[in-house]
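By convention here, the first residue in the shown sequence is residue 1. Computed from heavy atoms alone, side chains included, the values below leave out hydrogens, waters and symmetry copies. All values derive from a computational prediction rather than experimental measurement.
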Amino acid sequence: MEKEPVFHAVQTLVVGSGAAGLNAAVALKKRGVANVAVLTEGMKMGTSRNTGSDKQTYYKLTTAGEGEDSVRRMARTLCAGGAMDGDLALAEAAGSLRSFFHLTEIGVPFPASAYGEYVGYKTDHDPLQRGTSAGPLTSHYMTERLENEAAALGVAVFDGYQVIELLTERERVRGLVALIVRGENAGRYAVFSAENIVYATGGEAGMYEASVYPPSQTGGSGPAFRAGAVGKNLTESQYGIASIQFRWNLSGTFQQVLPRYVSTDQEGGDEREFLDGSFDTPEKMLQAIFLKGYQWPFDPRKADRQGSSLIDILVYQETMLRGRRVWLDFRRNPSCMRERGLALVTGEAREYLEKSGAMQATPFERLRHMNPAAIELYHDHGIELETQMLEIAVCAQHNNGGLAGNAWWESNLRHLFPVGEVNGTHGVYRPGGSALNSGQVGSARAAEYIAHRYTGAPLEREELLARCGAQAEAAIRLGQEALSKQGEPLDLAKERRMLGRRMSIYGAHIRSAEGVRRALEELDAQEKRVLNARVASERSLPSWYRLRDLMLSQRMYLSAILDYIERGGASRGSYLISDNTGKLPLEGLDERFRYVLDGEAHSGVIQEAVWKNGACQCSWRPVRPIPEGDLWFENVWRDWRENKIYGGESNE
């Protein structure tokens, strides 16, 4: 190595610049932690900044109208989806209003009535009206405002740094190693000593080919798994129909205007409306398309009886099994409407379109009437919905599982706090928008805990290297050895495509034990190939390290899926598990779509996974119930004054 690594010491280092990470940095500063820094591959990268949906939802306790709500009622709703820890649900419910009003105070434009009631609506798996929205770019606004707040508070930023290793000592983190990927020091390594690390790296998006995550979002779970952080509910992710040239969820009005579903060959020829013939009547087909707006995530419970999730299966069949391309066409109605037009539309769909004044002749005209911003969004990304078809796939969209944490969002590795989507706080099903609330509440709680318990100084350079230097040197040497090997350089882009396609075929919303075993065998071969091949140049090193981490994450996720299936786990959440004893959602479909629902069989237990001795080891435990607790005011006040709510004073 030509140059020594750059060294920095930071009391609390926040990894990631999305809404959760920036909120942690802001909360730390406001609680008096002076030495706070954000480390990021790019301030404008990541999911919070670059994604959204038809009406991106923020889920919180009710703040308008006459509906009855309470912290514990909301906690019970969060737990109702199964495999959700009650202490986390209670914390998310209790902290929802504090986090929400913090966002309103810094300028996120959530709508309120003339009297200050922040109005709401019902969202997925929500019995009340807890959802609210600032529009399709809610998380973008959150990130933007939080970035401004962090800058005003003087939070330092290390921009253009890629984490390659967490440094640990006796089941706690001490710092990390990063590769500098931009700027005058690009190509050099940096070693950070940190008393605490808030890990806000987002979902492990880089594992998938079919993905609605922005291309800049890859995730960062690999280094955490390698360091020994426990994973939780890694089987549980969410998938749905999205555009793939410009990545965006196609929920809400995109479906409710009743576009045409078309498949073509790879060159765009041989056009077919492939939904035809899969429904008993045209009316049922149109109803299923309409319902995709409300029922956007794939759900095996909605695949039977020609439900809306049958569409996801048919799209997967066209793209992954038949090798065709699939499109939404807003220019023309489905061909079944050719003669009778909207007269074919009945029931809920017709009522919705009539009440919305959306009885125009084509899907595009209906979309323009109800949601002109959607058309403008695609126009801004070079896609004209009036003249072009929109290419789609069933895409990975959100990880309900992730790294495990306690009720203060601290990992089993002490002083490591996974927050945001990287933390597996959610269960099998979750109310729409609860992820944004979880990220804000969790990051605020992590900051609160750090400010009260973990206020010690980071290790100085010599002491850090004495304790963790061998780990840092090994991570750096790995990359340098990859550069110095002989032979043809590795085609890293090709290897990433192989990794992504494997997960989208075998580890996304259609799964089988046989398929996952095949995927793990392919992954074995890929790991040997990647770890023993030459890397062409220093410019390729960030991609090589990222591929290394994604391979480990994919192994953890696939191993967790296989463990669940071998334990007897069946279809649930947002995935279907092939079972030859089950039923087909539609006669004539490939046998791999035969399935059985899991029901409540595994809703009361949680799977945990850890990388140990070169393998993924899985175990199961009961969900933690919602804590009862002593809410007598004088007792709570005493415990709060004496810091007992944090478990006592500490300055490790």
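Atom-to-atom distance recorded for Thr51:OG1 and Arg247:CZ is 10.0 Å, nearest 0.5 angstrom. In this structure, CG on Leu128 lies 6.5 Å from OG1 on Thr77, to the nearest 0.5 angstrom. Rounding to the nearest 0.5 angstrom, the gap separating the CZ atom in Arg130 from the OG1 atom in Thr62 is 5.5 Å. Here Met503 contributes atom CE and Met498 contributes atom CE; the two are 15.5 Å apart, rounded to the nearest 0.5 Å. For the atom pair CZ (Arg496) and CZ (Arg501), the distance works out to 15.5 Å, reported to the nearest 0.5 Å. Note: Thr132 OG1 to Leu103 CG = 11.0 Å, rounded to the nearest 0.5 Å.
For the residue pair Gly46 and Pro214, the shortest heavy atom distance occurs at O-CG, 3.6 Å. Taking all atoms of both residues into account, the shortest heavy-atom contact from Met551 to Gln526 is SD-CG, 3.9 Å. Of all heavy-atom pairs spanning Ser48 and Thr143, the tightest one is CB-OG1, 3.1 Å. For the residue pair Met142 and Ala19, the shortest heavy atom distance occurs at CE-CB, 4.0 Å. Annotation for Ile241 and Gln255: closest pair CG2-NE2, 4.2 Å, computed over non-hydrogen atoms. In terms of heavy atoms, Pro585 sits closest to Leu310 at CB-CD1, 4.4 Å.
No donor-acceptor pair closer than 3.5 Å links the side chain of Thr218 to the backbone N or O of Gly206. When atom types are taken as modelled, the side chain of Asn399 and the backbone of Gly401 share a donor-acceptor pair closer than 3.5 angstrom. Checking side-chain atoms of Asn233 against main-chain N and O of Leu403 turns up no donor-acceptor pair under 3.5 Å. Looking at Asn423, its side chain does come within 3.5 Å of a backbone N or O of Pro418 through a donor-acceptor pair. Panel note: side chain Ser553, backbone Leu550; no donor-acceptor pair is recorded below 3.5 Å. Formation of a donor-acceptor pair under 3.5 Å by the Glu410 side chain with backbone atoms of His415 is found in this model. A donor-acceptor pair under 3.5 Å is formed between the side chain of Ser70 and the backbone N or O of Arg73. Not one N or O on the side chain of Arg76 forms a donor-acceptor pair closer than 3.5 Å with the backbone of Gly86.
Under 3.5 Å, the side chains of Asn23 and Ser443 contain a donor-acceptor pair of N or O atoms. Under 3.5 Å, the side chains of Gln554 and Tyr208 contain no donor-acceptor pair of N or O atoms. Neither side chain, Trp296 nor Asp124, offers a donor N or O lying under 3.5 Å from an acceptor on the other. In this structure, a donor-acceptor pair under 3.5 Å is present between the side chains of Gln56 and Ser139. Defined by atom type and a distance below 3.5 Å, a donor-acceptor pair is present between the side-chain atoms of Asp280 and Gln306. If you check the side chains of Glu204 and Ser221, you find a donor sitting under 3.5 Å from an acceptor. Checked by atom type, the side-chain pair Thr253/Gln256 shows no donor-acceptor distance below 3.5 Å. Of the N and O atoms on the side chains of Ser263 and Glu318, at least one donor lies less than 3.5 Å from an acceptor on the other residue.
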Practice problem: Determine, stepwise, if the pair Arg414 / Glu171 fulfils salt bridge (charged side-chain N to carboxylate O under 4.0 Å, His left out). | Solution: CA-CA 6 Å; Arg414 290 173 296 120; Glu171 301 299 313; over 6 Å; no
Quiz item: Phe593 and Ile510: side chain to side chain contact (heavy atoms under 4.5 Å, CB included), yes or no, with the steps?
Solution: CA-CA 8 Å; Phe593 298 119; Ile510 305 297; 3.9 Å; yes
>> Using the rule given for side chain to side chain contact (heavy atoms under 4.5 Å, CB included), can you reason through Ser504 versus Met320, listing the C-alpha separation, both sets of side-chain angles and the distance that settles it, and then say yes or no?
In response: CA-CA 8 Å; Ser504 289; Met320 292 298 176; 3.6 Å; yes
Subject >> Chi angles and distances behind the side chain to side chain contact (heavy atoms under 4.5 Å, CB included) call for Phe279, Ile311 >> reply: CA-CA 10 Å; Phe279 294 83; Ile311 294 175; 4.2 Å; yes
| said: For Tyr239 and Asp312: C-alpha separation, side-chain torsions, deciding distance, then whether side chain to side chain donor-acceptor pair (under 3.5 Å) applies. | reply: CA-CA 9 Å; Tyr239 308 91; Asp312 303 77; over 6 Å; no
Practice problem: Could you please spell out the steps behind the side chain to side chain contact (heavy atoms under 4.5 Å, CB included) verdict for Ser571 and Val596? | Solution: CA-CA 6 Å; Ser571 302; Val596 172; over 6 Å; no
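Proximity of Thr57 to Thr138: side-chain heavy atoms (C-beta onward) are nowhere separated by under 4.5 Å. Contact of the Leu250 side chain with the Leu390 side chain is registered, since non-hydrogen atoms from C-beta on lie closer than 4.5 Å.
Between Trp248 and Phe246, the ring-plane angle classifies as parallel under the 30° and 60° cut-offs.
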Return a table of donor-acceptor pairs under 3.5 angstrom between the side chains of residues 515-523 and protein atoms on other chains or two or more places apart.
residue, atom, partner, partner atom, Å
Arg517, NH2, Glu566, OE2, 3.1
Arg518, NH2, Glu514, OE2, 3.1
Glu522, OE1, Arg502, NE, 3.3

Just distance, no hydrogens or angles: give the donor-acceptor pairs under 3.5 Å from side chains in residues 429-438, sequence neighbours left out.
residue, atom, partner, partner atom, Å
Tyr429, OH, Arg301, NE, 3.2
Tyr429, OH, Gly573, N, 3.0
Arg430, NE, Asn400, OD1, 3.0
Ser434, OG, Pro431, O, 2.8
Asn437, ND2, Glu92, O, 3.2
Ser438, OG, Glu92, OE2, 2.7
Ser438, OG, Thr425, OG1, 3.0

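A salt bridge links Asp299 to Lys302: at least one charged side-chain nitrogen sits closer than 4.0 Å to a carboxylate oxygen. Ionic pairing of Arg497 and Glu209 is not present here: no N-O contact between side-chain nitrogen and carboxylate oxygen is shorter than 4.0 angstrom. One finds a salt bridge joining Arg98 and Glu448 here, because a Lys/Arg side-chain nitrogen approaches an Asp/Glu carboxylate oxygen to under 4.0 Å. Between Asp69 and Lys60 there is no salt bridge, since none of the side-chain N atoms of the basic residue sits less than 4.0 Å from a carboxylate O of the acidic one. Remark: Arg555 engages Glu527 in a salt bridge, criterion side-chain N to carboxylate O under 4.0 Å.
The cationic group of Arg445 lies under 6.0 Å from the six-membered ring centre of Trp408 and within 45° of the ring axis, placing it in a cation-pi geometry. Stacking of Arg226 on the aromatic ring of Trp611 is not recorded, the 6.0 Å distance cut-off and the 45° axial limit not both being met.
Annotation: Arg592, atom CZ; neighbour count of heavy atoms from other residues, nucleotides and ligands within 6.0 Å does not exceed 12.
Here the two rings, on His398 and Tyr213, have centers that are 6.0 Å apart or farther. Checked against a 6.0 Å centroid threshold, the rings of Tyr575 and Phe298 do not count as neighbours. Taking the six-membered ring where the residue is Trp, the centroids of Tyr199 and Phe417 are separated by 6.0 Å or more. Checked against a 6.0 Å centroid threshold, the rings of Phe100 and Phe110 count as neighbours.
Each salt bridge (charged side-chain N to carboxylate O under 4.0 Å, His left out) pair with one or both residues in residues 578-587, not counting sequence neighbours, appears once here: Asp304-Lys583.
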